[in-house]
Structures are given as C-alpha cells and as structure tokens.
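Taking it in order: structure first as structure tokens, then the write-up.
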Amino acid sequence: MRYIGEPIEAVCVWAAAYGGERGQERIYAVSSSKPCVLLVIDPHRGVCLERWLLDGASHSWGVVATASGVYITGDGNLYRYVPELGVACLGTIISGEYYTWRMAADCDGNVYGGCYPGGKAFQYNPVTGQFRDYGAVVEGEQYVRCMKAWGGKLYMGIGTRRPYLIEMDTITGKKREIPLPPAAAEEQLVYDLDIVYPKVIIRLTPFNNLHVYDLEEQAWGDCIEGSSGLAVSPPDARGRIYFVKDGYLHSYHPDTRCLERTTVPLSEPAADFGWIERDDPLWPGATLICINRDGSFYMYHPDTEQMVTVDPKPAGLPVAIQSLAQGPDGSIYAGGYFAGGLAIYNPDTEHLRMFRQIGQIENMIAYQGKQYMGVYPKANIFCYDPSMPWDKGSNPELLFSLSPHRQDRPFAFTAAGDRLAIGTVPDYGRLGGALTLYDLKGGQYAVYPNVIDRQSIVSLAYRDGIIYAGSSIWGGLGIAPEQNEAVLMLWDVRQAAVLWQGVPITGEKAVSALTFDDNGMLWGLTAGSLFQFDPMKREVCRMIRLFPFDWGSIGHYWRGGYLRYRGDGKLIGSTLQKLFTYDIANDRLDILDSDALFLAEDGNGDIYFARDTKLYKYE
C-alpha cells in the first residue's frame, strides 16, 4: 500500500459575519474543510490576519458576531471566537443533532440555531453558558434551515416535505405558523430568511422566489423571482436592501417596493452581507461588503456604483474525497466533498493536478475519451475532455441538469451502448429516483422517473441491451422511506420498459454496486452481503454474507459499496470501510484493508481508495 497524498484542498465559505475588534472592522468567515477554519480578515488592508481551526467541524453554515464573541456552528457543535482568547468549542449543542444551519442573535446576546436530523432549534445563553433545546419545531420536518430574532420572537424557515414559516416566543417556546402565500404551494423549503422590520423576507426553494411579509399588517406583499440567496443585506441609509438576482446585484426598497438592477454582475450566491466605512474620500459613507466562496470579497458603493474585488488569498485546507474513478487515459479522478473540486492523478508520471471550479462530484465515468461527471446539487451532468485545457464554463461542459425532474444526486453511471445511463436520488423531501439515458451522438436525453417505486437508483450495469439497476429505499433527505427492501430491476433500452424486478436479498435496503463476471453472471453488493444473479433465469443463485451490518443503525444509505470483477476469477470491492477480494470458485474472502473508502482501478490495474482526505494506492 502506498500513500499518494491529499489531492484536493480548497477554501469554501458559506457563512460570514461582520464586526470589529480593538476598534477595527473585521470579516469573520468560516471555510468548510477538514476541519473547518475561521478566517479573520481585515477588509481595509485586504489581509487574512488569523486562521483558527475548528476541530470536530467539517461544515459550517452559521456565523454571528455579538458583544460576547463570534459564534460558529459546525457538525452539531458550537464554537466561540474571542480576540484575546482565540477559538473554544462550547460543546455539543443537542445530542443526536449532528448538522447545524444558519444562526441568529437577539438584542440580549443570546444565540440561536437550527439543526438536522431532528428539526430542532436551540438557544445558547452566553451569561449562563447553557444550551436550551426547543425541541422539534415542526413534527415530521427534519430541517430548521434559517432564522432571525426580533422583538422577543424567533422567525424560522422549515422544510423539506413542505415549507413552513414559524414564529416562536424565545421565552415561552410557544410557536405559531405564519401561512405562506398561495404561490408557495409547490415549494419545498424556506431556505433563507432575513428581517428588515417590519418586513420578513424569505427565499423558497426549489423555485428561488423571494417573498415579502409585513409583520405589522400580517400580509404578504411582493414576490421577486430569480433570487439566488443566501442572504439579503441590512438596509443602507436610504432603506434599500441588496441581494443577488438573475446573475446581478439588485437593490430593493421594502416600503416603496422599487426593485433596481445594479451594474454589478455576480455569478454565485451571496454568503452574507455587511457594511463598512472606508477611509477614502472616493468611497464616502457606507460601503456594502460581501465575501465570496473562495475567501475573496467585493465592496460596492451604492451611490457611486463603484465596485472592487479584493483577494486576501487565504490558504485552503484538505477536502474529504467524495468520489473516485478511472479517467479516459487511465488516470485516477477524485472529486471533493462539499467544497467540490477535482484532482487527477497520473500513475505513470506520478503527477497530481487539481481544479477547483466544479462542485461536489457524486460519481463519474470514462467513456469514448471523455469523463462524464454527476454533480450535486441539481444533478448537473458535466462532460470533461482531458485532451483540451480546463476552462471554467466550457470544459467541463454542462450538458444538462435533472433539477427540473426533481432529481438531485447522480450516484450511478454505466455505459449502455451509444448511451450513458444515469441513476439518481431525488430532491430533498421526495421519494422516487430516476433512470436517465443520454444519447452521446445526438445530445438528447430521456428521463424515466420513479421506475422503481419510491426508491432511488444507486447502482447500474449494462449487458446486451439491458440495464441492470440497484435501488436504495431512501429518497432525498428530509423524508422517511415508504418501502422496506431494495430492488434489482432489468430495463430494456430499446423498448424503454421494465423487463423484470425483484428483491435480491430479503431484508436488504440498498443494492450499492453491480458488476458482471466472465461467465455473464451479475454480482451485486448490498452493505454487508454479495449476491450472484443469473440474467437468463432471472433469479439469485448465490448469496454470501461478508460482514455483519445493522440497517437500523443508519439514517440513510445511498451508496457505500463498490465492486469490480478483476478477470482472474476474483471480485474486488469496498464496503463498510473494508477493501476486500472474493474468490468466486473457492468461496474465499480476503480483507486487504480495514480503513478504506471508495474504489477505483487505474490503467495499469492498480487499485486506489481513500481515507477521508487522503488517497492511497494498493499495488
């Protein structure tokens, strides 16, 4: 076994706060990585002054600056930064809640946040140092996505089975639902929420419309289409707020209802906005400031329409590996988790290249000299030509998105003749994945939704005009499964119809990998078991229990198993962190490594796997 390195590193900022220390203005931005890092940035000099590691956190969506410090959520923990003391972990917020979202603070300095998977809200009192668990905000909903505090109330955005706007008294914990406008009927989640009193401004997904609610009149007003989130700014001196819409920064006055596009093009959503005072006569008064995903930030002056981007160039940290696959030239391609990014390792030259300008790659496949990649969210399908230079926007090329079909995560790929077959997990709060066939010659694609009833398609194989699909009973996050057992399905490509489907192993809830051997027998992997399926008889003829596994111990299972036939009478696979071989003829299992994730084979036949952020080669 040989250690290759940590192939992907990145800065990935989704949350920031703006404040000051020692009389100096600061940006407090958190980059999600392994672990998260708090960046303390001087916006006037454009310098990253400090980097604080948040041990135990790998994602952060919430940062607030208060008089008692800067508070940050990450992976179920709460952290506090104080200039004189640095960063301290204040502990686990609520036992069992391992993911946290946006944060808020009230006028007394209490801090609030929302959690997953229990859909709970919490308060932290900096005076007593105590957490308060408000319990599940809406029974059956797992996401408390966003919130703001005002006048003794906490306003929260909930989803994903359907969206909710909830008002809660922070002292009594009493809640009431604010009914959403009729235009929100097909939405799933209140994703963003801001208050410019008396207006509450929310963004709903997946349709990305801003809705304005008047707390005094208790009535809905404007609906603004095409917003990309994640926040609207505090108001300027004229009462205007700013947000990203249709690729541009826009201003909107909640009272006059005047919406105007600025001259500033913006290609990505805003993290969080703030205002600073620049010591520059050419920038009089307040200047709008917003941090970008890569740690750079832009400043915009509303009156002069000046805009400048500043890049402190904060150093990135390693990113967990999310996907591994062989490329068209036999190289190993690795995709990054959450922060995204793509690394390519050439086993002949031992050269490693990294590209940041792509999102979270769930899986990929080499076919006819190109690398096809499925990217979350929105199930975007990209095509990369390694013979051409990497060029953001054109190579890799976005072929299509399955978001209009309510699909979100493209996990399964197989070459099906002159077509590419793709299996997906649906959007948040939905059941029923899709099988998609993309015609490589003509460029058209056909989507077949819910072909395995209320289950996702997480593994694929192909032979002689038939696609073999393995399912997971789980759909998108935020909804419980309604089926009990995973299915194997046979799909006729020419007829575009199901030929057969059945349960390969009773009680198993996912078929995570499929592969054919030299004799034309199909092998499938669940989590801890193998099965052999005869395509002619259409029946399972062997079942092997590899490792014990309790399905009740997990919240969901989309994938985790990888399986390949080596051509020497052996299968090689990866599941439950074990890299193994299975000798078919001799019924022999050998464990090669007990801390291995994913599986890929290079052009020389050597095997690669990951350990969190690290890439290894098993020679």
Side-chain angles (χ1 to χ4, degrees), residues 323 362-363 365 374 407 409-414 416 421-426 431-436 448 450-463 466-476 481-491 498-517 520-535 537-565 571-576 578 580 582 584 597-599:
S323 53
E362 303 288 31
N363 204 353
I365 186 172
Q407 302 299 302
R409 301 175 190 263
F411 280 122
F413 285 83
T414 193
I422 307 163
T424 47
V425 172
L431 296 172
L435 175 66
T436 299
Y448 303 96
N450 201 37
V451 288
I452 300 178
D453 185 32
R454 289 167 289 165
Q455 300 201 35
S456 301
I457 296 178
V458 295
S459 59
L460 292 170
Y462 172 81
R463 177 161 290 197
I466 298 174
I467 293 172
Y468 298 78
S471 75
S472 165
I473 66 169
W474 284 273
E482 294 179 1
Q483 305 281 32
N484 296 317
E485 295 177 314
V487 167
L488 176 67
M489 178 193 72
L490 279 60
W491 175 271
V498 176
L499 291 177
W500 178 92
Q501 70 175 32
V503 175
I505 303 179
T506 301
E508 296 294 284
K509 300 184 184 299
V511 177
S512 61
L514 295 167
T515 191
F516 280 97
D517 65 21
M521 302 297 279
L522 180 72
W523 288 85
L525 177 66
T526 60
S529 299
L530 274 175
F531 65 88
Q532 184 188 53
F533 179 82
D534 188 328
K537 296 180 180 179
R538 295 180 182 174
E539 64 182 22
V540 173
C541 44
R542 288 178 69 181
M543 192 273 287
I544 304 100
R545 296 286 185 189
L546 300 178
F547 312 108
F549 182 72
D550 177 14
W551 287 104
S553 66
I554 58 169
H556 70 277
Y557 190 105
W558 291 322
R559 63 156 187 195
Y562 299 84
L563 194 65
R564 294 180 63 86
Y565 179 68
L571 299 168
I572 185 164
S574 170
T575 187
L576 304 178
K578 295 177 177 62
F580 68 90
Y582 177 73
I584 296 172
L597 296 172
F598 311 115
L599 174 68

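It should be emphasised that the depicted structure is a prediction, and the values quoted were computed from it without experimental measurement.
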So, W500 versus F533, ring centres under 6.0 angstrom or not? yes
[Y] and [X], any side-chain heavy atoms less than 4.5 Å apart:
| X | Y | value |
| --- | --- | --- |
| I544 | Q532 | no |
| Y468 | L490 | yes |
| S456 | R409 | no |
| I467 | M489 | no |

Using the ring of each side chain (for Trp, its six-membered ring), is F549 parallel, tilted or perpendicular to Y557, with breaks at 30° and 60°? perpendicular
Parallel, tilted or perpendicular for Y562 and F598, by the 30°/60° rule? perpendicular
Minimum-distance pair of heavy atoms, taken over all atoms of [X] and [Y]:
| X | Y | value |
| --- | --- | --- |
| T414 | Y462 | OG1-N, 3.8 Å |
| P504 | V511 | CG-CG2, 3.9 Å |
| W474 | G555 | NE1-O, 3.0 Å |
| G560 | S512 | N-CB, 4.4 Å |
| L514 | A469 | CD1-C, 4.0 Å |

Does the ring of F516 carry R463 above it, NZ/CZ under 6.0 angstrom from centre and within 45° of its axis? yes
Atom [atom1] of [X] and atom [atom2] of [Y]: how far apart are they, to the nearest 0.5 Å?
| X | Y | atom1 | atom2 | value |
| --- | --- | --- | --- | --- |
| T424 | L435 | OG1 | CG | 8.0 Å |
| L522 | F531 | CG | CZ | 6.0 Å |
| L597 | L599 | CG | CG | 11.0 Å |
| F411 | S459 | CZ | OG | 12.0 Å |
| E508 | L525 | CD | CG | 9.5 Å |
| Q455 | E482 | CD | CD | 11.0 Å |

Would you find a donor on one side and an acceptor on the other, under 3.5 Å apart, between the side chain of [X] and the backbone of [Y]?
| X | Y | value |
| --- | --- | --- |
| K509 | S472 | no |
| T575 | G528 | no |
| D534 | R538 | no |
| Q407 | A434 | yes |

Mind checking salt bridge (Lys or Arg N to Asp or Glu O under 4.0 Å) for E485 and listing every partner two or more places apart, or none if nothing turns up? none
Going by side-chain contact (heavy atoms from CB on, under 4.5 Å), Q501 matches just one of L488, D453, I452. Which one? I452
Distance alone, cut at 3.5 Å: any donor-acceptor contact between the side chains of W558 and E362? no
One pair to check against side chain to side chain contact (heavy atoms under 4.5 Å, CB included): W491 and Y448. What are the steps and the verdict? CA-CA 11 Å; W491 175 271; Y448 303 96; 3.7 Å; yes
Given V540 and I505, is the side chain to side chain contact (heavy atoms under 4.5 Å, CB included) satisfied, shown in steps? CA-CA 8 Å; V540 173; I505 303 179; 5.6 Å; no
List the steps, then state whether side-chain hydrogen bond (donor to acceptor under 3.5 Å, both in side chains) holds for S529 with R545. CA-CA 4 Å; S529 299; R545 296 286 185 189; 2.9 Å; yes
Applying side chain to side chain contact (heavy atoms under 4.5 Å, CB included), run through V451 and I457 and close with a yes or a no. CA-CA 9 Å; V451 288; I457 296 178; 3.6 Å; yes
If you apply the rule side chain to side chain contact (heavy atoms under 4.5 Å, CB included), what do you find for L571 with L530, and how did you get there? CA-CA 10 Å; L571 299 168; L530 274 175; 4.2 Å; yes
